[in-house]
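Contents: one structure, followed by commentary.
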Number of protein chains: 2
Amino acid sequence: MSVQSQAFTGNCSDCPVRHRAVCAHCEIDELDELESIKYYRTFEAGQTIIWSGDKMAFVGSVIAGIASLTQTMEDGRTQMVGLLLPSDFVGRPGRDGSAYDVTATTDVVMCCFRKKPFEQLMARTPHIAHRLLQMTLDELDAAREWMLVLGRKTAREKIASLLSIIARRDASLSPNGPSGAMVFDLPLTREAMADYLGLTLETVSRQMSALKRDGVILLEGKRHVTVPDMGRLMEEAGDDSDGGLMA
Amino acid sequence: MSVQSQAFTGNCSDCPVRHRAVCAHCEIDELDELESIKYYRTFEAGQTIIWSGDKMAFVGSVIAGIASLTQTMEDGRTQMVGLLLPSDFVGRPGRDGSAYDVTATTDVVMCCFRKKPFEQLMARTPHIAHRLLQMTLDELDAAREWMLVLGRKTAREKIASLLSIIARRDASLSPNGPSGAMVFDLPLTREAMADYLGLTLETVSRQMSALKRDGVILLEGKRHVTVPDMGRLMEEAGDDSDGGLMA
DNA sequence: AGCCCCAGTTGATCTGCGTCAAGGCATGGC
DNA sequence: GCCATGCCTTGACGCAGATCAACTGGGGCT
């Protein structure tokens with residue numbers, strides 16, 4: 001499967017993620033300036049994009065595919081601390097090193113900006129800084145929501161939480177009804193799920209089987225998931241049953 | 001104990017946290033403008049500052065004392081998702097509701113800005129937005145470091161991690177030698193520690209006793225802690241033994 | 001003083017998840 | 001075809017931490 005299946009010319013105006021990325025509100029002249037400092041890079045599934053501690057020469061956006069941020073302890077225990085989806089921003093203007101490993105979970109296409117020029121542009125262009133602040137605040141909310149999952153939820157609730165997050169993201173791309181059935185492919189191996197959830201891969205496997213046995217999800221093969229009732233899944237996750245959709 | 005023991009007149013130029021807060025790099029005229037939209041509020045230990053879901057009329061900085069951000073599930077399980085120390089920022093420009101409960105853990109003094117005018121000032125003043133971005137990125141790093149603690153560390157490592165974070169913060173205020181002995185008072189009850197660490201209070205108590213028995217810490221009463229060897233404590237926490245201080 | 005109340009400690013027991021180990025089922029190379 | 005490899009599933013067992021419960025000690029009431 002090609003990650004570039006859509007006809008994308010490499011021009012910002014065609015960019016499939018532009019309306020959600022850092023450059024969402026840029027004017028034409030600003031886009032032109034971004035064009036001049038950007039380049040694309042592709043990474044194969046499993047490849048490391050940035051090593052923890054490396055100095056980063058670029059910042060950028062994920063255009064296609066999924067990348068993950070992970071931290072690893074000396075003895076090998078690892079925890080995934082973020083999932084980067086198309087339009088998500090990578091890098092930290094104003095600091096040189098990365099604090100985490102960034103790894104391509106699927107094949108990934110990134111739109112990179114050379115760091116120095118990007119920072120200069122940001123200094124001149126308040127609404128890029130503003131957009132980045134909003135995106136960072138969203139990430140902070142997501143990280144904190146995940147702290148609740150890691151600290152207080154049971155294995156079953158953790159799995160249900162992960163599935164409902166992935167399902168919700170897919171929904172925002174191809175809108176099914178929010179409370180109807182939902183179908184998607186898991187972009188993560190059992191091991192990656194375990195690293196995200198603070199579990200072992202065996203426990204992940206067992207709980208997936210349990211949710212399937214109890215009719216909360218249907219599995220076709222190992223990765224293709226059908227959720228017949230999102231409300232049910234969100235109850236299993238321990239969230240409000242409406243998932244905040246009624247507000 | 002008064003939280004306002006330092007002679008603080010209520011004027012920005014005397015503010016004990018100014019060099020670390022949002023307004024760190026403000027010029028005199030900007031400070032004047034902040035003066036005109038700010039007011040102080042005090043909260044007693046245990047009081048709720050903001051309820052999850054409330055609309056917030058203000059943003060602001062913690063001036064003295066410690067506040068915490070917590071999330072609670074319907075069945076009462078709670079997880080602390082952030083610890084707010086003096087100079088930390090509260091609130092989310094550009095969004096109305098809080099996603100968490102904000103609670104005063106000790107007596108707290110806050111410097112509040114009315115939200116609307118603050119947002120307008122921010123729009124006109126790029127370096128306030130820039131400072132806020134930096135602070136938010138720092139918080140994001142802290143949240144992600146905490147995800148590793150919650151997801152992968154043992155109870156003993158969790159306690160050691162918390163103690164070393166608190167010790168390090170105190171060190172940054174009153175500089176002892178970084179690898180010598182360190183003395184501080186715990187600002188948290190056992191229950192609050194448990195909520196931060198994703199443990200029960202009984203487990204916290206047992207592990208505190210174990211660290212004391214093993215000579216990693218000394219306890220005088222329930223709250224007064226002496227760490228004879230910070231390196232040892234950081235090993236117990238599962239971090240690099242140098243804690244990044246050798247870099 | 002006498003009392004209560006709250007925070008913390010400690011013990012006994014239970015259990016959810018980790019650990020270790022044995023397969024299953026695709027895919028790809030020879 | 002056959003075997004190797006990667007990803008996943010399932011079972012048996014043990015342990016770290018949760019749960020339930022009793023107790024301690026200090027600080028602030030009347």
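In what follows, every chain begins at residue 1, and chains take the letters A, B, ... in the order their sequences are listed. As the structure is a computational prediction, the values presented were derived from the model and not from experiment.
Across C:dG8, D:dG17, C:dA12, the shortest atom-to-atom separation from the side chain of B:T203 is found for D:dG17. In the set D:dT19, C:dC17, D:dG17, the nucleotide with an atom closest to the side chain of B:L199 is D:dG17. Distances from the side chain of A:A155 to the nucleotides D:dT9, C:dA12, C:dC17 place C:dC17 closest. If you check C:dG11, D:dG11, C:dT9 against the side chain of B:L201, the one that comes closest is C:dT9. Closest contact between the side chain of B:T154 and the listed nucleotides C:dG8, D:dT10, D:dG17 involves D:dG17. For A:K222, whose side chain is taken as the heavy atoms from C-beta onward, the closest listed nucleotide among D:dC8, C:dG8, C:dG18 is D:dC8.
Residue B:T200 is classed as a base contact, given a heavy-atom separation below 4.0 Å to a base. Among the atoms of the strands shown, none is found under 4.0 Å from any heavy atom of A:G46. Residue B:R223 is classed as a sugar-phosphate contact, given heavy-atom separations below 4.0 Å to backbone atoms only. Among the atoms of the strands shown, base atoms are found under 4.0 Å from some heavy atom of A:S205.
In the interface, the side chain of A:R213 is not paired with the base of D:dT9 through any donor and acceptor atom under 3.5 Å apart.
The only member of A:D101, A:T72, A:D195 that meets side chain to side chain donor-acceptor pair (under 3.5 Å) when paired with A:T78 is A:D195.
Counting non-hydrogen atoms of neighbouring residues, nucleotides and ligands closer than 6.0 angstrom, the CD atom of A:Q47 exceeds 12 such neighbours.
A donor-acceptor contact under 3.5 angstrom links the side chains of B:S164 and B:R168, judged on distance only.
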